[in-house]
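The next block holds one structure in the form of structure tokens; read it before the comments.
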Amino acid sequence: MGLAADSGRAAPGRAERLSPSLPFDDRIDPEDADALVRIAGGDTGALHTAFVRHWEAVARAALRIAGDVDDARDAAQEAFIRLHARPPSADTPLRAWLCRVATNEAVNALRSGRRRVAREARHLASADAAATDDIAGANLRAERELVRETLLALPARARELLVLRAEGYRYFEIATVIGVAPGSVGTLLARAETAFREGYEARRGGA
Amino acid sequence: MVRNALAGMRCELAPRDGDLRAVIDSELGGLTHLDLAEHVRACEECRDRAQALRATSALVRGRLLMLGPTATAAVDAPPFDRLLVAKPRTWLSLVVPGHADRWTIRAGAAVAAVALAALWPSVSTFAEGALQSFRVQRVQPITVDAEALRGRFAGLPLEEGKLREALRYRGPDKPTFTITSRADAVSRSGLALRLPTVIPAKVGVKPARFVVTSSGVADMTVDGPRLVQVAKDAKVSDPALLSRIASLDGATVKIEASPAVIAVWGDIDIPTQVPAITAGGAMSTPTVRGPVMFVAQVKSPVLNVSASVDVDGLRDALLKSGSVPSELVQAFGAIKDWRTTLPVPSGGSNSIRQVDVDGTTGSVSTRSQEGKTLTTAIWTRDGVLYGVAGDLPEADILAAARSLAPAKP
């Protein structure tokens, strides 16, 4: 397929010419930057504002990974606890940062399987399952499990890239919160997507 | 190369996948974007590549969005007050790479060695004789350029997920760290805590704080064929090594973590001012305002492996395979009692040597960076692994290390 990131190596001089220069509108939301300064100074009012402003997006991202409302709430809450205890620097895109912390927490919860029994029991009775017919519902659940399994098997950074991108975060935001050069996001993302696809298709074929 | 087989030529521009990928998301800034987008329209090869990338991207995005959430599932916010009373549960930023700025990682190097070692300890519950055990009885410095090595390994297509599957790994992903009181640290770890009586004045302005790592059990059962595949993916081609790896099929490894205790002195704290650090270190970085010193201790790690495994043969095959960088082969080859020796790697610019400390032989390393000097000392005594580290002169670290005494209750 020639999809591997080897094409750059074939002509490094050429590839360098294409190093991305970022668009000029890559700026941190000034309201968030201000909030981060105040949170770091112990201002709980600023923390509350950030909480109200970002809870929904962060909880939604956590729910996608966790698949369980209680786990998602815990994971999102942990992100805000961490914001309170150890706020990142003011040049951090706050929502993307919270989203990363929360989804990683959700992954940890999935791995530990601490809620699995409760979750499975709830699934049987959930409105989600009742809304569709049994076979379609079962298929959807199986498919979601497959996607989660694939995600969980990826290296942490690849998973974070895919999750943040699916949540719609920009390259500069992703680069900042996962700590890579903005110019490398495209490469890392392409690799992560290929890895996901391979893992997904292998599982699907093997299932 | 299949692409452009008909035309019998390759694209002259040869853009990176990453740039093509960025063009798809309109994330390749300014003129570069326009140039490359135009090129993709004109070049059949690049169009095909971009199309393949777009298809993969769409598949992934589609699968992820399928995870929901559904309209029926809303996550109610918890009461805001609960956030304010919740204590920080983890202190990952202290030692886990990727969660801290580089200086902090290095300052915690000895602590990290001890904490990670804590994930490899004793399993006395397994039948005696059925397992081989590796118990750390001494530490030995090895000279490898850790940075250079990391660079070489980073280039290998070794995937954590695949390795995890091949080992049927069941256990914790990473240690967690709890900030707690000394009494609680003692009761959680079961250690007869020993603390320095000589504390450098520079870090002694506040009493020590205590951090305990989590305990946990990890089990692995080798899936031979899968592990062979992982090795092949990582460019291992030596048949002798591959057959050794295949023969591991069904072998078990059990690891049980004892909690490690880390005492922290100095002005390192939850940030009260926004640190002027760069984006890369933005995640959960504790502010280090002044000199810090860490004293870490954990029961000596033991790793147990099925008796069926010829571990010496495996090690020899690995070292001879050509897959291990020669500097590592040399460094590991120099360790005689390798089953009982914990290698302590030193970075390229480190100076490292053996010293007498705490009635035994340990290693002390010194590294200068950004105008600071980081010193770490590490040794074992009576079945406990100790590490002392800080951005302090060697004399201060050794004085503290040599003054360890049972902590008064």
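The figures that follow rest on heavy atoms only: side chains count, while hydrogens, waters and symmetry mates do not. We name chains A, B, ... by the order of the sequence lines, and we start the count at 1 in each one.
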Task: Spacing of A:Glu193 atom CD and B:Arg63 atom CZ [to the nearest 0.5 Å] - done: 13.5 Å

- [ ] Side chain from CB out, backbone as N, CA, C, O: work out which of these in A:Glu167 comes under 4.5 Å of a heavy atom of chain B, or both, or neither.
- [x] neither

Task: A:Leu83 portion near chain B, given a 4.5 angstrom heavy-atom threshold - done: neither

- [ ] Could you grab the distance from atom CD of B:Glu27 to atom CD1 of A:Ile174, nearest 0.5 Å is fine?
- [x] 7.5 Å

- [ ] Evaluate the side-chain proximity of A:Thr187 to B:Arg16: yes if any heavy-atom separation is below 4.5 Å, no if none is.
- [x] yes

Task: Gap separating the CZ atom of B:Arg21 from the OH atom of A:Tyr171, nearest 0.5 angstrom - done: 4.0 Å

- [ ] Count the heavy atoms of every other residue, nucleotide or ligand shown that sit under 6.0 Å from CD of A:Glu143, and state whether that count exceeds 12.
- [x] yes

Task: B:Met66 side, atom CE; A:Arg144 side, atom CZ - distance, nearest 0.5 Å - done: 7.0 Å

TODO: State the CG-CG distance between A:Leu188 and B:Asp17, to the nearest 0.5 angstrom.
DONE: 12.0 Å

Open item on the list: Quick check for you: among B:Asp25, B:Leu59, B:Leu20, which has the greatest number of heavy-atom pairs under 4.5 Å with chain A?
Closed with: B:Asp25

Task: Note, A:Arg148 side chain near B:Leu67 side chain (heavy atom, < 4.5 Å) - done: yes

Task: Segment of A:Arg165 engaging chain B (4.5 angstrom heavy-atom cut-off) - done: both

Open item on the list: Could you report the tightest heavy-atom contact between B:Leu64 and A:Val147, atom names first, then the distance?
Closed with: CD2-CG1, 4.0 Å

Open item on the list: With a sphere of 6.0 Å drawn around CZ of B:Arg47, does it hold more than 12 non-hydrogen atoms of other residues, nucleotides or ligands?
Closed with: yes

Open item on the list: How close do A:Ala166 and B:Leu65 get, counting heavy atoms only, and between which atoms?
Closed with: O-CD2, 4.0 Å

Task: Contact winner vs chain B - A:Ile65, A:Leu162, A:Val52, heavy-atom pairs under 4.5 Å - done: A:Leu162

